[in-house]
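The structure appears below as structure tokens.
Just so it is clear, the values below take in all heavy atoms, side chains as well, and ignore hydrogens, waters and symmetry mates.
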Amino acid sequence: MNAMQAMDLKKDIEKWVSKKGIRQVMRLTAVHLLPNIKFNFILNVGGGSHTNGKEVVVGIPELTYPMDKEIVFSVTKALVGHETEHVMSSDFTVFKKFQQDVKVYFKDHYNLKLGARLGAHMLNSTEDGRIEKRLINRYPGYKKNIQLLNGIFWDGQPVKGTDEMMEFLYSITSICVTGLKSKDWEKHYGGTEADELLDEIRPLIIKAINNPTAKGCAEDTMKIVEIIAPYMAVKLEDLKNRQKLEKAISEDADYHTSNPQEGAESQPGGFDSSHFLEEEDEDKKKGKGQGDEEGEGGEGEESEEESNDESKGESVEGETDESDESESKEDGEDGESESNSEGEEDEESESKENGDSREKSEGQSDDENQNSDDEPAQKKPEMSPEEVEKMIQDMVDNLKDEVAEEAEQAMRQGEREVAKEQARDDAENKYTGHLTDEEVLVVDKSKNFQQVDPVHFRSKALPDEIKKQGKFVNKQLKKVFLNKKTYNSTNRRSGQVDFSGLWKLGVEDYNVFKKTGNPNLSDYAVNVLVDASGSMLGAGDNKGNTKLQLAYESTAMIEEALRGLVSTRITYFTEMGSTVVHSTVRDFDQVSKDTLSWKRIPALHNSGNRDGYSIAIATQELLKRKEKKKILIVLSDGAPWDQGEVTSAVREARKKGIVVIGIAFGSEAEMKRNQKVYQKMYQKGILMVQPDRIYRELTRVIEKEISK
């Protein structure tokens, strides 16, 4: 596939995502999987998938672009489930500590500084396997999506025999999530030291992904790290390998987590596996191995608990087949390994051998281990690489059929969500406050005025501090704006129960209801004008913020402060040549959960400023409103080219009953210098403080001005 074809496929996926409402469906899926958890969801076409607990980012993999859309949908859904389960089940603190532990280990034992990066990869890998198991046990329907995701990646990302160290590390990941070494591993690395290490650590990997806690998983993973450490230390003597590891794995990589609540890590029974081969046999192996470890002391209570802890209830046989376990111990004690040499290739033989492998990895041995080393056991015939590949391909083909109907249904839901969202957007973007050409003539006979709607959107969320300030002012303004004069009617036969009149029931008087008037009636309209001229690009404080940036934040705070109280219009203005240009980011009757003055970026080039002209236009816009009381708020740096025009426009607005408030921006020295200019232009209703104090003073100024 050439670059042009790849680009065309990506555009096709982007079009599909938009048309079918995939973002909406995946966002709803994430919300369903993380109830009562506040987070931001982002779906990208391409790029990686990760989460820090507050933000869940999913990238649709490029590998899936040529595939049927139902498959792309299923893979994307699997990634949403994977990342949200990290938020639910993983632990950032454990991850950070693990990185440091591995870093110290490699520094102390091998004088290497890349231990943290290796730690990040190892615990991410085992946690990936652990959380996928937890996900499908909480939501069994997710198993087909997870298996399809892992099957596609297993098949589409074979090792090539060109980078042993990195392909060894990624094969560890493959075992964690599929139970299999990477595709073509045997072809390139069969019989090598790396291959033997994978066989040795496999039982510990299975134990780690079955651990009920993130901390326990980390402890198991540390044992794996200690086993592969000598091999990795030799590989990392090569500068190129160190550079590859450093490039591939960030030392401060996200561990996809938030801290789970106390007790949230325990996983109740039914440990279904997403691996392609059943873990049942592996549990048996672990059961035998654990029995051997405790064998010298007999079948004690501690041994049984350890065995159960490792199998996690996944295999009933692995937990309860005590007769097999007892027989295994007796064989070991008598030194009789003939059952293996005589060709008894049953599951018990395989279980015993793999149990020994895990013991050696933990540095434990007994007489049975020595006998096994002297007389190698006969392995149960394993599937050939070709058989494994065919099994995966058949499984993927079957899963594709399974997910198709579910995906089609979800995409239909997505289309409905798109239609709903479009309807909401249409309502939000419908501007009714713009002046007609005839109404503009009242202000300017030459009609040198242009109204443009915003075309850009800010992806960064409104800072929490600004929201808090807005909510603070909103509570105060409720006392100012809302009409508290309500009618109360008692002694009614319907309405709300009047508990103070329930005594009447004793005398068979059933007029015990009341009706209360609506206290949430406001008769105000507010027009907010924001200066977006070139002078607003100057320094606004000593922290490097421009006056315009501070005005953006203050305007968003004002919008939040007025939310639900008054009808509000917010417009940015500038002058280009001889034309005054306005860009309205929020109209009077628009209702949105978003802070529109923050979300929408005005479509303006910062140039000249005719504050007076814009005030006159805003006055006409307010005069069209049905509300009896009207307020105009102007945010500017007080440097208009025609101060007399501002003075005249403000006086004219006030003559028509409009309250005018001027909010100044600039450094302390600049505002001090402009103080007399502002007083001349606005006469009163002036708010001239540093931006971080505006929210504290705004209510006082508004209340003072509207009470006159």
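Tyr189 and Glu167 form a side-chain donor-acceptor contact under 3.5 Å, judged by distance and modelled atom types alone. At a cut-off of 3.5 Å, with distance as the only test, no side-chain donor of Asn211 or Lys207 sits close to an acceptor on the other residue.
For Lys10 and Glu62, the salt-bridge test fails: no basic side-chain N is under 4.0 Å from an acidic carboxylate O. Ion pair Glu85/Arg138 flagged as a salt bridge, since at least one NZ, NE, NH1 or NH2 atom sits closer than 4.0 Å to an Asp/Glu carboxylate oxygen. Lys223 and Glu226 are not joined by a salt bridge, as no carboxylate oxygen comes within less than 4.0 angstrom of a charged side-chain nitrogen. Remark: Lys103 does not engage Asp108 in a salt bridge, criterion side-chain N to carboxylate O under 4.0 Å. Under the 4.0 Å criterion applied to side-chain N and carboxylate O atoms, Asp163 and Lys244 are assigned as salt-bridge partners.
Between Tyr231 and Phe168, the ring centre distance stays below 6.0 Å. Separation of the His86 and Phe95 ring centroids does not fall under the 6.0 Å cut-off.
When the side-chain contact (heavy atoms from CB on, under 4.5 Å) test is applied to Asp238, the partners found at least two apart in sequence or on another chain are Lys240, Asn241. Judged as a side-chain contact (heavy atoms from CB on, under 4.5 Å), and not counting sequence neighbours, the contacts of Glu55 are Asn40, Ile42, Asn52, Val57. Applying the side-chain contact (heavy atoms from CB on, under 4.5 Å) test to Lys19 and every residue at least two apart in sequence or in another chain returns nothing.
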> Yes or no on side-chain hydrogen bond (donor to acceptor under 3.5 Å, both in side chains) for Ser90 and Glu127, after CA distance, side-chain angles and deciding distance?
Replying inline: CA-CA 7 Å; Ser90 296; Glu127 266 291 284; 2.6 Å; yes
>> Assess the residue pair Asp199 and Lys181 against the criterion (salt bridge (Lys or Arg N to Asp or Glu O under 4.0 Å)); give the C-alpha distance rounded to whole Å, side-chain angles, the decisive distance to 0.1 Å, and a yes or no.
In response: CA-CA 9 Å; Asp199 289 337; Lys181 300 170 187 176; 2.9 Å; yes
>> Please determine whether ring pair (Phe, Tyr, Trp, His ring centres under 6.0 Å) holds for the pair Tyr139 and His32, giving the CA-CA distance in whole Å, both sets of side-chain angles, and the decisive distance to 0.1 Å.
In response: CA-CA 11 Å; Tyr139 299 99; His32 171 71; 5.7 Å; yes
>> For a salt bridge (Lys or Arg N to Asp or Glu O under 4.0 Å) check, start with the C-alpha distance between Glu389 and Lys183, then their side-chain angles and the critical distance, and finish with the verdict.
In response: CA-CA 8 Å; Glu389 187 171 345; Lys183 182 179 178 181; 3.2 Å; yes
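Looking at every heavy atom in both residues, Thr173 comes nearest to Ser125 through OG1-OG, 2.7 Å. Scanning both residues, His121 and Leu169, for their nearest heavy atoms gives NE2-O, 2.9 Å. The minimum heavy-atom distance linking Asn145 with Ser74 is given by the pair ND2-OG, 2.7 Å.
Side-chain N or O atoms of His275 include one that pairs as donor or acceptor with a backbone N or O of Cys176 at under 3.5 Å. Side chain of Tyr105 to backbone of Val225: no donor-acceptor contact under 3.5 angstrom is found.
Looking only at side-chain heavy atoms (C-beta outward), Leu236 and Tyr110 stay at 4.5 Å or farther from each other.
Heavy-atom neighbours of Lys69 NZ from other residues, nucleotides or ligands within 6.0 Å: above the threshold of 12.
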